[in-house]
Amino acid sequence: MTGLSVRAVGTYSSSIKIGVLAAQGAFAEHIATLSQLEVAAVPVRLPRQLEGLDGLIIPGGESTSIGRLMQDYHLADEIKGLVRHGWPLFGTCAGLILLASSIHPDGKIDPLGLMDITVRRNAFGRQVDSFETELKIPVLGEKPFPGVFIRAPVIEQANSGVEIIAELANGTGVAARQDRLLACAFHPELTEDTRLHRYFLDIVAGNQ
Amino acid sequence: METGTWKVKVGLAQMLKGGVIMDVVTPEHAKIAEAAGACAVMALERVPADIRAAGGVARMADPTVIEAIMEAVSIPVMAKCRIGHFVEAQALEALGIDYIDESEVLPPADESHHVWKHDFKVPFVCGCRDLAEALRRLGEGAAMIRTKGEAGTGNIVEAVRHMRAVMDGIRKLASTPQDELMALAKEMGAPFELVNEIHQTGNLPVVNFAAGGGATPADAALMMQLGADGVFVGSGIFKSSNPEARAQAIVKATTHYQDPQIIAEVSKNLGEAMPGLDIKQIPTDELLAPRGW
């Protein structure tokens with residue numbers, strides 16, 4: 001295993017508590033994965049529910065819908081503030097879009113602007129172009145990771161300080177890390193493979 | 001790279017959960033829906049209330065209308081084909097629609113057979129009145145289920161009946177002894193493999209939305225509390241006096257369905273809801289839910 005330090009299931013500190021943004025989208029799937037890893041996970045719909053959390057996951061869903069609900073209930077500013085104080089955050093698909101500093105092609109969403117990347121929405125086309133493929137993610141070891149891409153975005157550009165941790169065969173960036181921020185264009189929460197979640201929990205625990 | 005897999009079909013519906021899918025008939029409607037926070041739109045020529053009023057044979061929408069709506073928004077766009085009309089479905093797939101609703105709102109093209117949905121790369125959502133009907137549609141390849149309700153009435157009573165029937169069916173299957181499942185599958189007229197799966201897991205293997213009759217934020221939250229994963233709102237938004245405000249309010253009520261204070265707050269000053277119909281006053285042959293089986 002190359003550079004893999006993710007832990008076995010059920011070895012995380014019982015004190016870790018992760019929030020999953022539950023404005024809209026596949027939040028229940030992330031909560032189920034975290035529960036499987038014996039980590040406390042709670043849905044977050046309002047700013048007061050961010051209190052006492054060690055990190056947050058922004059799930060897949062519709063980024064315009066999630067973005068709108070984050071603005072309406074003042075979650076966006078709260079989350080930005082917490083991340084500026086070093087709070088870890090993991091975004092999948094719509095979560096990747098919302099983490100970005102800039103989005104192509106439209107101005108329909110105000111992203112959080114936390115990760116120094118430019119993201120293209122619906123980069124592969126419409127639903128009939130959604131696909132599954134095996135991904136190489138060296139930080140997770142040699143075993144390929146099941147990549148489920150649904151109307152997925154891609155990382156078009158990443159500035160210095162951002163590490164692209166997964167690429168498609170053609171070199172397109174589909175997962176990235178910047179300090180304690182993690183993001184991917186695919187859906188680990190729809191698979192049985194928990195390695196990316198464990199990698200995020202290692203970031204939360206300060207082991208990565 | 002493999003496209004059109006079961007996982008990406010069901011997966012898109014999973015991404016719609018906790019959201020509101022709104023019927024729209026113009027690109028302007030679609031933009032209002034998207035800005036209000038809709039997770040998808042259903043592209044139509046007429047909303048169900050108008051289809052009901054017009055009578056006659058409503059069909060798949062004009063591709064010009066569908067394409068204009070697809071062009072206008074970046075969220076997923078769904079469209080309806082008639083029950084059993086696999087060529088309308090093929091045409092919708094060719095247009096690049098994101099989800100097909102094989103819908104009882106249009107008069108069926110085939111009274112015996114639904115579309116064999118496994119043949120398509122595009123995923124399908126189908127209506128149901130109870131668990132057995134849901135499982136028959138899943139057997140044919142539907143990747144998402146919704147209640148039928150009674151579309152275009154602004155009356156939630158049928159959607160409630162259907163959602164309760166689905167949930168009750170799941171509870172019943174979960175508690176039925178293994179050796180009685182085959183007889184139960186026969187009685188239900190549902191595929192044994194799916195009956196057995198629900199017995200084991202206690203859950204539907206796909207996303208289940210509410211549809212047919214919702215008109216208010218409280219209607220949406222009611223369906224969510226009854227176990228829906230999200231809601232379709234057809235005529236309820238663009239047949240109301242203030243579609244923009246109502247669309248935003250229904251989106252918020254769907255997210256915060258467990259928070260009565262937020263539901264009360266967003267229900268204020270929405271103007272007139274769409275006019276509602278008493279189901280009992282509708283002649284039996286004009287009811288939409290009995291279409292399909």
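Labels below follow one simple rule: chain letters A, B, ... track the order of the sequence lines, proteins then strands, and each chain is numbered from 1. What you see is a predicted model, and the numbers here were worked out from it, not measured in a lab.
Although no hydrogens or angles enter the test, the distance criterion places no donor-acceptor pair under 3.5 Å between the side chain of Gln24(A) and the main chain of Thr255(B).
Residue with the most contacts toward chain B among Glu189(A), Lys108(A), Arg121(A): Lys108(A) (heavy-atom pairs, distance under 4.5 Å). When the candidates Gly19(B), Ser74(B), Pro123(B) are compared by the number of heavy-atom contacts under 4.5 Å with chain A, Ser74(B) comes out ahead. In terms of heavy-atom pairs under 4.5 angstrom with chain A, the leader among Glu93(B), Glu2(B), Lys121(B), Lys9(B) is Glu2(B). Comparing Cys39(B), Ala36(B), Gly18(B), Gly4(B) by how many heavy-atom pairs each has under 4.5 Å with chain A, the most go to Cys39(B). Listed options Asp98(B), Leu12(B), Val122(B) were ranked by heavy-atom pairs under 4.5 angstrom with chain A; first place goes to Asp98(B). Among Gln248(B), Lys252(B), Lys7(B), Met15(B), the residue making the largest number of heavy-atom pairs under 4.5 Å with chain A is Met15(B).
Between Trp87(A) and His85(A), the distance from one ring center to the other does not fall under 6.0 angstrom.
Lys31(B) and Glu28(B) are not joined by a salt bridge, as no carboxylate oxygen comes within less than 4.0 angstrom of a charged side-chain nitrogen. Under a 4.0 Å N-O distance rule, the pair Glu265(B)/Lys268(B) qualifies as a salt bridge.
Val10(B) does not touch chain A: none of its heavy atoms, backbone or side chain, sits under 4.5 Å away. For Arg126(A), the parts lying under 4.5 angstrom from a heavy atom of chain B are both the backbone and the side chain. Neither the backbone nor the side chain of Ile66(A) comes within contact range of chain B; no heavy atoms are under 4.5 Å apart. When heavy atoms are compared at a cutoff of 4.5 Å, Val128(A) approaches chain B by way of both its backbone and its side chain. Using a 4.5 Å cut-off between heavy atoms, Glu29(A) touches chain B through its side chain atoms alone. Proximity to chain A is absent for every atom of Ala40(B), based on heavy atoms less than 4.5 angstrom apart. Of the atoms belonging to Asp259(B), it is side-chain heavy atoms, and not backbone ones, that fall under 4.5 Å from chain A. Only the side chain of Leu69(A) comes within contact range of chain B, with at least one heavy atom under 4.5 Å from a heavy atom of that chain. Residue Phe149(A) touches chain B through its backbone alone, counting heavy-atom pairs closer than 4.5 Å.
Under the 3.5 Å distance criterion, with hydrogens and angles disregarded, no donor-acceptor pair is assigned to the side chains of Asn203(B) and Thr201(B). Between the side chains of Thr33(A) and Gln36(A), not a single donor N or O lies within less than 3.5 Å of an accepting N or O. Of the N and O atoms on the side chains of Glu244(B) and Asn242(B), not one donor lies less than 3.5 Å from an acceptor on the other residue.
Between Cys93(A) and Pro153(A) there is a side-chain heavy-atom pair separated by less than 4.5 Å. No side-chain heavy atom of Leu98(A) sits less than 4.5 Å from a side-chain heavy atom of Leu21(A).
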Exercise. For Lys17(A) and Asp54(A), what are the C-alpha separation, side-chain angles and deciding distance, and is it a salt bridge (Lys or Arg N to Asp or Glu O under 4.0 Å)?
Worked result: CA-CA 6 Å; Lys17(A) 195 173 170 190; Asp54(A) 299 295; over 6 Å; no

